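Here the structure is laid out as structure tokens; the discussion comes afterwards.
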Amino acid sequence: MYATQALTNLVPLAEELDKNKVTPGVLGFIVFAALAVGVWALMKSMNRHMGRVNFEERPAEPASEEPAEPVSAKRK
């Protein structure tokens with residue numbers, strides 16, 4: 001009962017609101033700016049970590065002529 005009374009009190013306020021002039025406002029800008037700063041920080045961190053990666057390949061080990069023993073044979 002109390003929720004319906006509260007909603008009926010808000011109906012006149014909603015009628016005064018012009019749907020063509022609704023904007024995200026300051027809160028929307030703050031959320032968008034926080035997301036942008038977060039993405040920028042993640043990109044900066046990723047760039048720093050990628051700079052530390054060593055991309056030099058080691059030469060492949062030559063394959064031995066003997067076939068490898070099965071794992072079960074090594075345990076016995």
Side-chain angles (χ1 to χ4, degrees):
M1 182 80 176
Y2 294 112
T4 56
Q5 288 176 348
L7 289 176
T8 55
N9 291 335
L10 292 176
V11 170
L13 295 176
E15 291 175 357
E16 295 173 8
L17 185 65
D18 186 10
K19 292 182 181 179
N20 295 326
K21 294 184 180 181
V22 175
T23 62
V26 176
L27 180 63
F29 175 75
I30 291 172
V31 169
F32 183 78
L35 287 172
V37 169
V39 168
W40 176 79
L42 286 172
M43 294 289 288
K44 187 171 176 107
S45 174
M46 182 190 70
N47 194 16
R48 191 177 325 126
H49 282 88
M50 291 299 287
R52 294 180 186 167
V53 174
N54 183 8
F55 287 107
E56 294 178 15
E57 293 184 18
R58 295 182 183 167
E61 296 180 11
S64 62
E65 294 179 10
E66 299 176 9
E69 294 180 23
V71 177
S72 61
K74 291 182 179 180
R75 291 185 182 179
K76 291 182 181 180

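For clarity, every value in this text was computed on a predicted model and none was experimentally measured. Index from 1, following the sequence.
Taken together through direct or relayed side-chain contacts under 4.5 Å among Ile, Leu, Val, Met, Phe, Trp and Tyr, Leu35 and Leu42 form parts of separate hydrophobic clusters. Met50 and Met43 fall within the same hydrophobic cluster, defined by Ile, Leu, Val, Met, Phe, Trp and Tyr side-chain heavy atoms under 4.5 Å apart, directly or through other members.
To the nearest 0.5 angstrom, Asn47 atom CG is 11.0 Å from Arg52 atom CZ.
Qualifying side chain to side chain donor-acceptor pair (under 3.5 Å) partners for Thr23, counting only residues two or more places apart in sequence or in other chains: none.
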